[in-house]
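Here's the structure we're looking at; comments come further down.
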Amino acid sequence: MSIVVRCATKAHRVRLDGSRFWASARCPRCNTVVDPTRLRRVGAWLLDRYRTSAPTRAGRLVWAGAWAYLLFALVVWAMVWWVGDRWWLATVFLFGPRWLVLVPLAFFVPLAALRRTQVLPVVVTAIILLGPVMGFRVGWTSWFGRSDRPGDLRIVTFNAAGWRTVEPGHLDALLSLRPDVIALQECWPEIPEPLRATNWFQHDSGGTLCLLSRFPIEEVAQQERESVESAGGSGWVIRYVIRTPATRLTLTNLHLDTPRAGFEQVRAGRLTEGMRDLDSKSVLREIESRRARRWVDEGGGAFIVAGDFNLPVESVIYQRYWGGLTNAFSRAGFGFGATRLNGWIRVRIDHVLVAKGWKVLRSFVGPDLGSDHRPLITDVRWIPSDRDEG
């Protein structure tokens with residue numbers, strides 16, 4: 001083992017070999033103590049473990065590329081979490097095919113297996129890209145002692161896309177998930193007959209939101225929409241009070257506005273119009289989230305919010321207005337949890353959020369039911385205490 005450090009006088013350098021590396025080393029030329037705390041020695045040794053020793057120019061380029069890829073991952077991480085839904089380009093990336101940033105791993109991972117100097121940057125890069133950037137979840141809270149109890153609820157939220165491509169077999173599959181509450185978005189023009197025939201308690205807003213419940217729906221309140229519509233928004237928010245065996249559940253079903261129009265303009269090459277549309281729509285979507293969160297809080301109690309938020313969890317808007325609630329899939333889901341599928345694009349914009357008093361047991365994405373969204377299934381349990389068990 002050897003390392004080169006400067007001595008205290010900084011006039012020359014000294015090489016420490018073997019035991020002298022850890023000893024209270026002195027410079028053999030000026031007798032001054034070399035790095036008495038050993039911090040510089042250890043730091044330099046660690047850096048040396050990952051400094052390239054490749055004899056060829058190609059090897060040095062690959063080594064530099066691995067570290068540059070790590071720097072790129074850090075920049076993308078910061079962009080996604082700090083300016084997503086604030087800057088049009090970050091918003092496009094937020095809703096776009098983020099998996100493209102993983103492609104270079106196919107090149108660097110095999111090389112890292114052969115060269116120790118590349119293991120650290122490649123491993124750290126993979127963790128950053130799969131976790132904070134791509135949103136991979138391990139759902140560790142669902143690993144321990146999950147057992148169904150009387151009073152546990154299964155909530156399903158599903159954007160039906162107007163039932164345009166949903167067939168009777170898909171509706172049977174939806175019911176086979178054994179839900180207790182189904183929150184539907186884009187359920188116009190009406191709830192299909194197979195669902196109405198269940199004789200569950202039902203509510204149809206006559207617009208985009210519907211609700212089916214095995215338990216009585218005691219109250220229904222819809223948020224005022226005129227001010228949002230006049231500004232060009234299309235969000236819907238309805239609050240329900242449901243009498244479950246465990247407690248009186250306040251559940252809000254919502255469908256917030258989408259930035260899709262701006263994406264379509266960007267994809268068509270109209271960058272100026274797309275940038276302007278995305279930025280203005282982000283302002284409107286933030287107003288919608290602020291109003292919706294206020295509406296949810298006014299309901300009081302231990303509430304649950306479900307629906308199509310049109311917001312990934314990394315969005316600045318989501319973090320500001322919904323980040324204080326427990327996201328069911330983030331807490332107890334496994335994988336990426338994509339609920340909106342559009343070609344090669346996969347994004348998690350449908351959520352179930354719970355307040356204190358609810359424990360998330362499990363959350364997972366359901367099968368293809370004919371829509372461009374997948375259903376999100378979440379099992380929750382009421383914990384009658386003041387502390388957050390979720």
Side-chain angles (χ1 to χ4, degrees), residues 79-95 135 157 159 183 185-186 205 207-209 211 219-241 249-263 275-331 339-340 347-358 376 388 390:
M79 181 179 72
V80 166
W81 283 91
W82 292 349
V83 292
D85 272 330
R86 280 287 180 271
W87 177 36
W88 73 271
L89 187 58
T91 304
V92 170
F93 180 79
L94 197 63
F95 287 85
T157 179
N159 185 320
Q185 303 85 44
E186 292 191 30
S205 67
T208 185
L209 301 181
L211 190 86
E219 298 178 21
V220 179
Q222 179 173 322
Q223 185 184 53
E224 179 271 326
R225 301 189 63 251
E226 183 177 351
S227 58
V228 172
E229 286 183 319
S230 63
S234 59
W236 284 74
V237 184
I238 299 180
R239 188 174 63 227
Y240 303 88
V241 176
L249 165 64
T250 300
L251 184 140
T252 299
N253 183 16
L254 55 74
H255 186 193
L256 301 181
D257 209 348
T258 174
R260 186 184 304 117
F263 298 147
M275 292 164 51
R276 188 183 304 114
D277 194 298
L278 286 171
D279 288 339
S280 61
K281 185 66 73 172
S282 290
V283 173
L284 180 59
R285 291 165 59 229
E286 180 164 8
I287 294 172
E288 280 192 350
S289 276
R290 182 170 64 245
R291 295 178 73 251
R293 181 57 198 270
R294 186 183 303 123
W295 177 256
V296 167
D297 291 339
E298 287 174 358
F303 54 81
I304 294 177
V305 188
D308 181 356
F309 288 69
N310 273 308
L311 292 168
V313 295
E314 301 87 1
S315 161
V316 173
I317 299 174
Y318 176 94
Q319 295 174 52
R320 174 171 296 180
Y321 298 103
W322 306 106
L325 302 175
T326 298
N327 186 294
F329 190 88
S330 296
R331 177 62 61 88
T339 57
R340 172 70 165 87
V347 63
R348 179 159 69 98
I349 58 176
D350 301 88
H351 308 290
V352 173
L353 311 180
V354 303
K356 291 183 178 180
W358 292 100
L376 179 65
D388 185 5

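Position 1 is the first residue of the sequence, and the numbers go up from there.
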**Study point:** Residues that Asp297 engages under side chain to side chain donor-acceptor pair (under 3.5 Å), provided they are two or more places apart
**Key:** Arg293
Are the side chains of [X] and [Y] in touch, meaning some heavy atoms are under 4.5 Å apart?
X	Y	answer
Ile238	Leu211	no
Asn310	His255	yes
Phe303	Leu325	yes
Gln185	Trp236	no

Look only at the side chain of [X] and the backbone of [Y], and say whether a donor-acceptor pair between them is shorter than 3.5 Å.
X	Y	result
Gln319	Trp81	yes
Arg239	Trp295	yes
Arg225	Gly235	yes
Glu288	Ser234	yes
Gln223	Val237	no

Review point. Who passes salt bridge (charged side-chain N to carboxylate O under 4.0 Å, His left out) against Arg294, sequence neighbours left out?
Key: none
Review point. Do the side-chain N and O atoms of Arg320 and Ser289 include a donor-acceptor pair separated by under 3.5 angstrom?
Key: no
Practice item. Indicate the atoms forming the closest heavy-atom contact of Arg340 with Asp350, along with that distance. Key: N-OD1, 4.4 Å
Check your understanding: Parallel, tilted or perpendicular: which describes the rings of Tyr318 and Phe309, with under 30° parallel and over 60° perpendicular?
Key -> perpendicular
Review point. Is Glu286 salt-bridged to Arg86, going by a charged N under 4.0 Å from an acidic O?
Key: yes
